[in-house]
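Basis for what follows: all heavy atoms, side chains included, without hydrogens, waters or symmetry-related copies. Lettering of chains follows the sequences in order, A, B, ..., and the numbering in each one begins at 1.
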Amino acid sequence: MKKQILCLLAALMLLLGLSVSASAYESAHVFDYAGLLTDSEAGALEARCQDAEDTYGCGVYIVTVNDYSLYYDAGSIENFSEGFFLDFELGAGEDQNGILLALSMAERDYDLCAHGMIGNRSFTDYGKGVLAERYFLSEFGSDNWYAGFDRYVDGCMEFLQMDAQDEPFDQNTDPERLEDIGVLKWIVVIVVPLLTALVVCLVMKGNMKTARKQTHADAYIPQNGVRMLRQDDVYLTTTQTRVKIETQKSGGGTSVNSGGFSHSSGKF
Amino acid sequence: MADQITNYKCPACTGPLHFSGASGKLECDYCGSSYSVEEIEALYEKKDEQAAQAAAEAEQKAAQQPDEGEWAQPEGADWAEPGMKSYSCPSCGAELICDETTAATSCPYCGNTTIVPGQLSGARKPDYIIPFKLSKEDAVAALKNHYKKKPLLPKVFSAQNHIEKIQGVYVPFWLFNGSADADIRYKCTRSMTHREGDYDVTDTQHFMVYRAGTVEFEKIPVDASSKMPDENMDSIEPFDYKELKAFSNAYLPGFLADKYDVSVDDCAPRADERCKASCEGAMRSSVTGYSTCVPEEEHVRIRRGKVQYTMLPVWMLHTKWKGKDYLFSMNGQTGKLTGDLPVSWGRFWAYFAGIAGGLAAVLAVLLFAL
């Protein structure tokens with residue numbers, strides 16, 4: 001009850017104090033302050049999110065705003081997600097397990113924010129990246145909001161189901177990646193030996209040919225036969241290039257911050 | 001100019017003498033006596049003095065000719081001497097010279113056995129010669145060794161070619177002397193990379209580098225026989241010119257000598273090309289301490305000097321395999337041997353399948369089973 005009252009108060013604050021769309025929708029799992037969804041679409045998504053929470057004990061949330069920076073003095077969309085999650089006391093169970101997808105329309109930012117034991121275990125860093133890439137980014141890129149959110153809920157259900165089967169979605173359990181690795185292994189087994197054998201045999205064939213034309217006459221330069229008459233090295237200018245160092249995360253798992261949240265964010 | 005005496009006879013029994021590379025002496029096949037070249041030449045002092053004088057005069061004349069962009073042609077003496085004979089090969093056109101004690105039975109270039117004897121005429125006498133140092137036995141052993149550790153060589157190839165037919169041939173060479181002047185401008189860079197926070201920062205210093213200099217060249221050999229593949233002769237270089245001697249017919253017995261049929265002018269482009277490449281290389285090697293170095297402007301001028309006509313010792317074997325000619329050549333002084341070998345495609349693909357199959361099996365175990 002307290003949670004619902006808080007939600008209502010917060011929503012009231014947002015509606016009064018900030019620029020919220022007239023068609024804003026708000027429920028326990030879907031907070032469409034940017035007005036991207038019709039009521040029926042939002043209702044359908046709410047039902048699916050509720051179903052996911054009931055089945056797997058992890059809340060699945062959707063939040064849309066026009067500009068995240070207007071909320072909670074958020075300097076980043078990650079801060080906004082965390083503020084919203086805590087402010088609305090989202091999450092299921094004592095651990096407040098949940099996954100939240102926040103969209104900010106001003107700069108077309110998105111953030112996937114996981115919290116709680118189940119949330120962070122089901123949605124690993126790798127998993128959140130896959131969820132965005134394979135499920136909803138392409139739909140959002142074409143402004144297909146409902147389809148994108150629907151695919152997001154599909155992905156969440158799949159990831160939560162895998163976690164429920166003690167096999168959370170990660171690099172070593174991603175079926176598509178494993179399939180790619182399998183194909184890659186076969187390529188290695190077939191192509192590498194063929195290329196190696198070809199190189200070895202061509203080297204052996206090359207050894208059969210020993211007669212080659214000489215292109216230089218170095219052997220016929222007498223001792224002290226080279227006299228340098230001019231050796232000038234003139235400095236011209238200095239140029240500078242800067243290349244950002246790409247840090248590649250190896251292995252799987254989830255990077256959780258001090259607040260218990262993990263994120264994956266970007267543009268859509 | 002030498003005018004006669006090419007048939008050296010044993011002072012003891014008057015039998016013919018031949019030069020042995022192993023002992024470095026002239027040996028008699030009949031009584032077994034052996035003589036140093038100096039001893040024999042002392043006996044034939046007068047004639048040899050005349051020959052040496054002719055060679056010296058030729059060299060002096062060549063040295064006096066100033067280089068004005070042309071290679072100074074040697075003015076050799078006429079080689080048409082009594083006692084010398086020639087053979088011509090109707091198959092490849094080779095004209096071979098030998099003394100009358102040496103019998104040529106096959107052409108060393110194409111293997112043709114019906115070579116035609118004739119009288120030597122119109123041949124220029126060489127200025128210098130490097131005598132054979134290695135024997136026929138050495139050449140046969142080197143050739144057998146050349147066949148070893150060649151997994152793609154057809155087994156029957158080495159069995160079917162008659163390596164005992166290898167012949168010692170003095171191959172005609174032009175030795176080019178000169179120098180090259182270079183004036184080259186390079187664009188060079190020197191890079192240093194350090195890390196600043198999340199960035200790799202590369203500072204690149206740009207330089208304009210100038211190099212100018214002169215490179216001397218002595219006796220660049222270019223074979224003067226059209227029948228001899230250039231690749232074969234280039235590959236058995238270098239010869240040790242410390243053993244270069246004024247030409248004397250005393251070194252010929254037992255060996256054939258090829259008569260040059262490619263002129264100095266026709267050989268000159270190859271010498272020019274090698275001079276230029278080495279001159280550029282010498283300048284480039286003085287540009288050090290840079291990450292990149294690209295020549296932007298090059299001027300190389302060749303100062304052409306004298307050319308010497310020289311006979312260099314080569315052991316040669318010609319053989320045919322499935323309709324294709326194979327010529328093996330060995331430096332008669334250093335033993336360096338060259339000659340392309342045929343490839344058994346059956347063996348090639350067998351090795352290919354073996355290596356690919358074996359490696360695939362190992363990788364399959366490593367990637368799938370472990």
What do you reckon, is NZ of K267(A) surrounded by more than 12 foreign heavy atoms closer than 6.0 Å? yes
All heavy atoms of A356(B) vs all of P193(A), minimum pair found to be O-CB, 3.2 Å
Quick check for you: to the nearest 0.5 Å, what is the distance between N207(A) atom CG and L152(B) atom CG? 8.5 Å
Close side-chain approach of V209(B) and D232(A), heavy atoms under 4.5 Å: no
May I ask you to check if K185(A) and F368(B) form a cation-pi contact, with NZ or CZ under 6.0 angstrom from the six-membered ring centre and within 45° of the axis? yes
First locate atom OG of S286(B), then atom CZ of R230(A), and finally report the distance between them rounded to the nearest 0.5 Å. 12.0 Å
For a quick check under 3.5 Å, do H206(B) and T238(A) share a side-chain donor-acceptor pair by atom type? no
Report which part of P238(B) has an atom under 4.5 Å of a heavy atom belonging to chain A: side chain, backbone, both, or neither. both
4.5 Å side-chain heavy-atom contact, T202(B) and Q240(A): no
Proximity of residues 358-366 of chain B to chain A, residues having a non-hydrogen atom under 4.5 angstrom: L359(B), A360(B), L363(B), A364(B)
Counting only non-hydrogen atoms closer than 4.5 Å, does V226(A) touch chain B with its backbone (N, CA, C, O), its side chain (CB onward), both, or neither? both
Answer with side chain, backbone, both or neither: which region of L195(A) has an atom nearer than 4.5 Å to a non-hydrogen atom of chain B? neither
To the nearest 0.5 Å, how far apart are CE in M208(A) and OG in S344(B)? 8.5 Å
At a heavy-atom distance under 4.5 Å, which candidate from L202(A), L194(A), I190(A), V192(A) has the highest pair count against chain B? L194(A)
What do you reckon, is CE of M117(A) surrounded by more than 12 foreign heavy atoms closer than 6.0 Å? no
Heavy-atom contact with chain A under 4.5 Å, split by part of P342(B): backbone
Top residue by heavy-atom pair count (under 4.5 Å) with chain A, among V215(B), I355(B), T204(B)? T204(B)
Leading residue by heavy atom contact count with chain A [cutoff under 4.5 Å; candidates S278(B), A277(B), A180(B)]: S278(B)
When you compare the side chain of F207(B) with that of V234(A), does any pair of heavy atoms fall below 4.5 Å? no
Specify which of E218(B), E273(B), Q205(B), E280(B) makes the most heavy-atom pairs with chain A at under 4.5 Å. E218(B)
Of V201(B), N232(B), L337(B), T193(B), the largest count of non-hydrogen pairs under 4.5 angstrom with chain A goes to V201(B)
Most heavy-atom pairs under 4.5 Å with chain A, out of T338(B), D203(B), T214(B), L153(B), belong to T214(B)
Inter-chain contacts: residues 213-222 of chain A against chain B, heavy atoms under 4.5 Å: K213(A), Q214(A), T215(A), H216(A), A217(A), D218(A), Y220(A), I221(A), P222(A)
Hey, which of E237(B), R185(B), K219(B) has the most heavy atom pairs under 4.5 Å with chain A? E237(B)
So, for R242(A) and Y199(B), which heavy atoms are closest and what is the spacing to 0.1 Å? CB-CD2, 4.1 Å
List the residues meeting side chain to side chain contact (heavy atoms under 4.5 Å, CB included) with K149(B), not counting sequence neighbours, and say none if there are none. none
For Y210(B), enumerate each residue passing the ring pair (Phe, Tyr, Trp, His ring centres under 6.0 Å) test, keeping only those at least two apart in sequence or located in another chain. none
Between the NZ atom in K205(A) and the NZ atom in K150(B), the distance rounded to the nearest 0.5 Å is 14.5 Å
For the NZ atom of K336(B) and the OG1 atom of T210(A), what is their distance to the nearest 0.5 Å? 10.0 Å
CG of L367(B) to CG of L184(A), rounded to nearest 0.5 Å, is 9.0 Å
Quick check: does any side chain N or O of D340(B) sit under 3.5 Å from a backbone N or O of A211(A), one acting as donor and the other as acceptor? yes
Within 6.0 Å of CG in D73(A), more than 12 heavy atoms from elsewhere: no
Heavy-atom proximity to chain A below 4.5 Å, by part of Y290(B): side chain
Would D233(A) and R211(B) pass as an ion pair if we require N to O under 4.0 Å? yes
Chain A heavy atoms under 4.5 Å from Y241(B): which part of the residue, side chain, backbone, both or neither? side chain
Less than 4.5 Å to any heavy atom of chain A: does that hold for the side chain of R270(B), its backbone, both, or neither? side chain
Crowding at CD, E179(A) (>12 non-hydrogen neighbours, <6.0 Å): no
